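Predicted, not measured: the structure shown is a model, and the values here were computed from it.
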Amino acid sequence: TSWTMNTNLDPFSAYYWRVFSGNSCGLAPASSIYNFTTGAPSYCLPGSTHSNHEWIESVQIESINNTSGTSGGYGDFTAISTDLAIGSTYTATLTPGYAPDEIWPEYWRIWIDFDRNGDFDGPNEMVYDAGMTDSVAINASVSIPSNVQLGTTRMRIGMEWNDSTA
């Protein structure tokens, strides 16, 4: 016999189970206790159609001061992190980079996966939306809501020329 759990499991969480068998005569002794720990959710990879013309040059927020440069439209910087407190507001400095002789107005957005489900679609997960900006570094105000769960999660920063869906 098999059994499938039809619910989402919380990331970075330990789960325990044991098996009981029984019939009309009663229950047999239970199995040993088994466990597993879930890992990080899977995130879709964003891309870029203009990565040879424009890119996110650098991001600074709290202890992160990361110069990324052009990285083919997506850079994975999940190995770096910082602590942000629930209920606090921070300034993120976002700097665009451009190919020589090219400068574009940009749309910037920042998302944080507060519910840690592998997407950035939840309520209040878009923490910054600049709208159209000039082609210079901007200071984004990022507020961490007071009703989110404490723990490790992912931030995504998007920049796109002439596109509000960055």
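Ile61 and Ile80 fall within a single hydrophobic cluster, where Ile, Leu, Val, Met, Phe, Trp and Tyr side chains are chained together by heavy-atom contacts under 4.5 Å. Transitive grouping of hydrophobic side chains (ILVMFWY, heavy atoms separated by less than 4.5 Å) keeps Trp55 and Ile64 in distinct clusters.
Counting all heavy atoms, side chain and backbone alike, Ala30 lies closest to Arg18 at CB-CD, 3.8 Å. Of all non-hydrogen atoms in Gly122 and Asp115, the two that sit nearest each other are CA-OD2, 4.4 Å. Taking every heavy atom of both residues into account, Pro105 and Met132 meet most closely at CB-SD, 3.4 Å. Closest approach of Ala137 to Thr93, counting heavy atoms only: CB-CG2, 4.5 Å.
When the options Asn124, Ile144, Val148 are evaluated for a side-chain contact (heavy atoms from CB on, under 4.5 Å) with Ile112, the one that passes is Ile144. When the options Arg156, Met155, Glu125 are evaluated for a side-chain contact (heavy atoms from CB on, under 4.5 Å) with Ile110, the one that passes is Met155.
Distance check: Glu62 CD to Ser88 OG gives 9.0 Å after rounding to the nearest 0.5 Å. Going from atom CG of Asn35 over to atom CD1 of Ile33 covers 9.0 Å, rounded to the nearest 0.5 Å. For the atom pair Tyr98 OH and Ser135 OG, the distance stands at 4.5 Å (nearest 0.5 Å). If you take CH2 on Trp161 and CD1 on Ile103, they are separated by 14.5 Å, rounding to the nearest 0.5 Å. Rounded to the nearest 0.5 angstrom, Asp121 CG and Asp119 CG are separated by 4.0 Å. For the atom pair CG of Asn66 and OG of Ser58, the computed distance is 8.0 Å after rounding to the nearest 0.5 Å.
Contact annotation: the side chain of Pro96 never approaches that of Glu57 to less than 4.5 Å [non-hydrogen atoms, C-beta and beyond]. Within the 4.5 Å cutoff, side-chain heavy atoms of Ser141 are placed close to those of Thr89. A heavy-atom distance below 4.5 Å is not found between the side chains of Phe114 and Gln149.
The main-chain N or O of Ser13 is found under 3.5 Å from a side-chain atom of Thr38 such that the two form a donor-acceptor pair. At distances below 3.5 Å, at least one donor-acceptor pair connects side-chain atoms of Thr82 with backbone N or O atoms of Ser63. At distances below 3.5 Å, at least one donor-acceptor pair connects side-chain atoms of Tyr90 with backbone N or O atoms of Ala85. Remark: the backbone N or O of Asn117 is paired with a side-chain donor or acceptor of Asp113 at under 3.5 angstrom. Side-chain atoms of Ser31 come within 3.5 Å of backbone atoms of Val19 as a donor-acceptor pair (strictly under, hydrogens ignored).
Checked by atom type, the side-chain pair Thr91/Asn139 shows no donor-acceptor distance below 3.5 Å. Neither side chain, Trp104 nor Glu106, offers a donor N or O lying under 3.5 Å from an acceptor on the other.
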TODO: With side chain to side chain contact (heavy atoms under 4.5 Å, CB included) as the test, would you mind laying out the steps for Arg109 and Glu160 before giving the verdict?
DONE: CA-CA 9 Å; Arg109 286 190 173 163; Glu160 182 74 25; over 6 Å; no

Item to complete: Just do the side chain to side chain contact (heavy atoms under 4.5 Å, CB included) check on Met159 and Leu94 with the steps written out, would you?
Response: CA-CA 9 Å; Met159 179 190 90; Leu94 311 174; over 6 Å; no

Is there a side chain to side chain contact (heavy atoms under 4.5 Å, CB included) between Ile157 and Trp108 once you walk through the steps? CA-CA 7 Å; Ile157 299 172; Trp108 290 92; 4.1 Å; yes

Margin query: Before you tell me yes or no, could you show the steps for Leu150 and Ile86 under side chain to side chain contact (heavy atoms under 4.5 Å, CB included), namely the whole-Å CA-CA distance, both residues' side-chain angles and the distance that decides it to 0.1 Å?
Written below: CA-CA 7 Å; Leu150 186 64; Ile86 293 171; 4.1 Å; yes

Query raised in the report: For Thr78 and Asp76, what are the C-alpha separation, side-chain angles and deciding distance, and is it a side chain to side chain donor-acceptor pair (under 3.5 Å)?
Result: CA-CA 6 Å; Thr78 54; Asp76 182 352; 2.7 Å; yes

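With sequence neighbours left out, the ring pair (Phe, Tyr, Trp, His ring centres under 6.0 Å) criterion links Tyr43 to Phe120. Scored by the ring pair (Phe, Tyr, Trp, His ring centres under 6.0 Å) test, Tyr34 finds Trp17 as partners (sequence neighbours excluded).
At most 12 heavy atoms of other shown residues, nucleotides or ligands fall within 6.0 angstrom of atom CG in Asp83. Atom CG of Asp134 is surrounded by 12 or fewer heavy atoms from other residues, nucleotides or ligands within 6.0 Å.
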